[in-house]
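Per chain, numbering begins at 1; letters A, B, ... match sequence-line order. All values below come from the heavy atoms of this structure, side chains included, with hydrogens, waters and symmetry mates left out.
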Protein chains: 2
Amino acid sequence: MHTQTITAPATTVLNAPRAPVPSSADQFSIIASCSGIIATEFTYGKDEEIYGEGEPSEYVYQVIQGAVRTYKLLSDGRRQIGAFHLAGDVFGLDPGTSHRLTAEAISDTTVRLVKRRSLEAAAGSNVRVAHNLWTMTAGDLRHAEDHMLLLGRKTAMEKVATFLLEMDRRLAKAGMMALPMCRRDIGDYLGITLETVSRALSQLNDQGVLVFSSARQIVLRNRQRLADMDA
Amino acid sequence: MHTQTITAPATTVLNAPRAPVPSSADQFSIIASCSGIIATEFTYGKDEEIYGEGEPSEYVYQVIQGAVRTYKLLSDGRRQIGAFHLAGDVFGLDPGTSHRLTAEAISDTTVRLVKRRSLEAAAGSNVRVAHNLWTMTAGDLRHAEDHMLLLGRKTAMEKVATFLLEMDRRLAKAGMMALPMCRRDIGDYLGITLETVSRALSQLNDQGVLVFSSARQIVLRNRQRLADMDA
DNA sequence: CGAATCATTGATGAAAATCAACCCCGGTGG
DNA sequence: CCACCGGGGTTGATTTTCATCAATGATTCG
């Protein structure tokens, strides 16, 4: 870890995995429990770096609580966020020796982490584990392929519509979405500026497609309209 | 295969793989030979579809000769090309039951193909094979991550500079690059229009960074300048 | 309460898309 | 052999979208 300033890690052997939510997360739980792998929990503060682009990839992570952004930078600071990782999501699984993106906590975030070395060892003896690792990487690839289409060919409004539907699907509770990230993060994810994000959201609000409780608390009123927009 | 109008397939058992060029290709050769897997060759004509988005993924392919584009479409026809596949490259390896992009031959193209089912079977018994499949998918993911940065955050000129360096690396022979794809394909790969591609290339030509033999035959004169541009 | 951060909104500008014309070159057929 | 045809490529004029610059408003948090 890079800055131990936040919270003391608590090491535990996983035996009764707390199943969070989605299917890709369960794969990780299966791997972790099946193999008697040692998992550790750790908490990062808001905006704290979890790992940097190019660093040796020593651990694989699962978000327990909070949210993480992974991104690349150009030399002048322009940033492209490749993905947001929410509760249950696995990240940092870069086959190869080093991380290809930087990971940062968006808000205070607790992760479970396992040594990549032990995962690879498990994969060497257990075909199920190997297959799950492959499947998880393939899931990341699918997302990246969809996101290339968005970045390269969708308009600003279509990008925002797609984003809202994605977040609605992934983190809506009781019809309400509590976005963990700021407008700049959203813009850097969608390849537009924060002002353009704000204008698109305001316009959707004016049209009655969504309602704000606060800037980051959103209720979708017309998912079909959004789906139509997203082309 | 979808249209058999072109060339009769020739089925052969692979024993002495003709090692084409790069490392990712060799992994495929290793898999194919290691496992006594049956490979078939097939040739597609220019612009012929190899498989369509959403179709069941029955085969995995390796380009023997020619070039392939894989892409996604929006409902109104806007297209995002995710990758170009050149001699030696493997494509169509989508874990899951269906292809997530459409694949088309850019020029007359010969591919080697193996049944995905037999690959998966081999992966189930041979850890090396399983690891190679994972590594190949991870290679696609790395490319997609780099390309998201390009699509979301680079300027038109930076995109073209990056493209030229990529193609130079992948297909230059004797300092000369023979591009198999048209300006529209390049634009749809970079998320810009064919006119913008043309203007950027003309400007680079004016600056002496490159020289055209013909529209698709390019010699790079100053790779450092290009690398600087690509930020 | 006040400072800082985040978000919204408006005015202006710049990059790239679009629309349009023309050119170049290879292939075909008179 | 050469004219013509058509697709691909280039270049120019104009429009559009989104970025940038700037000011103000809302929340959160010491």
N/O donor-acceptor pair under 3.5 Å between A/Thr110 side chain and A/Ile64 backbone = no
inquiry  = Base of D/dT10, side chain of B/Arg216 - is there a donor-acceptor contact under 3.5 Å?
reply    = no
Euclidean distance, atom CE of residue B/Met229 to atom P of C/dA15 [Å, nearest integer] = 15 Å
request  = Answer yes if the side chains of A/Thr102 and A/Lys72 hold a donor-acceptor pair under 3.5 Å, and no otherwise.
outcome  = no
key: 5' priority, DNA chain D, between B/Asp47 and A/Thr155 [closest heavy atom]   = B/Asp47
request  = Round to the nearest Å and state the distance from B/Leu151 atom CG to D/dC18 atom P.
outcome  = 16 Å
request  = Check whether the side chains of B/Thr162 and B/Asp230 place a donor and an acceptor atom closer than 3.5 Å, and report yes or no.
outcome  = yes
request  = May I ask you to say what B/Ser214 touches in the nucleic acid, namely base, sugar-phosphate or nothing, with a heavy-atom cut-off under 4.0 Å?
outcome  = nothing
ask   = Rounded to whole angstroms, how far apart are CD1 on A/Ile106 and P on C/dC6?
value = 13 Å
message = What is the distance, to the nearest angstrom, from the CD atom on A/Glu158 to the C1' atom on D/dT17?
response = 13 Å
inquiry  = Nearest to the side chain of A/Ala156, heavy atoms from C-beta on, is which of C/dT8, D/dT11, D/dC18?
reply    = D/dC18
key: Atom-to-atom span, NZ of A/Lys154 to P of D/dT17 - whole angstrom   = 18 Å
request  = Would you mind reporting whether A/Leu151 and A/Gln80 have side-chain heavy atoms less than 4.5 Å apart?
outcome  = yes
request  = Return yes if the base of C/dG10 and the side-chain atoms of A/Arg199 contain a donor-acceptor N/O pair under 3.5 Å, otherwise no.
outcome  = yes
key: Aromatic centroids of A/Tyr61 and A/His85 separated by under 6.0 Å   = no
query = How many Å lie between CZ on A/Phe212 and C1' on D/dT27, as a whole number?
reply = 15 Å
Whole-Å distance separating the CE atom of A/Met157 from the C1' atom of D/dT17 = 12 Å
message = Near DNA chain D, counting only heavy atoms under 4.0 Å, which residues of residues 176-196 of chain A show up?
response = A/Gly191, A/Ile192, A/Thr193, A/Glu195, A/Thr196
message = I'd like to check A/Asp108 versus A/Tyr44 (side-chain heavy atoms, cut-off strictly below 4.5 Å). Are they in contact?
response = no
ask   = How close or far is atom P of D/dT28 from atom CG of A/Asp108, stated in whole angstroms?
value = 16 Å
request  = Using only heavy-atom distances, determine whether the side chains of A/Tyr51 and A/Glu104 contain a donor-acceptor pair under 3.5 Å.
outcome  = no
message = Nearest to the A/Ser198 side chain among C/dC6, D/dT10, C/dT8, which nucleotide is it?
response = C/dT8
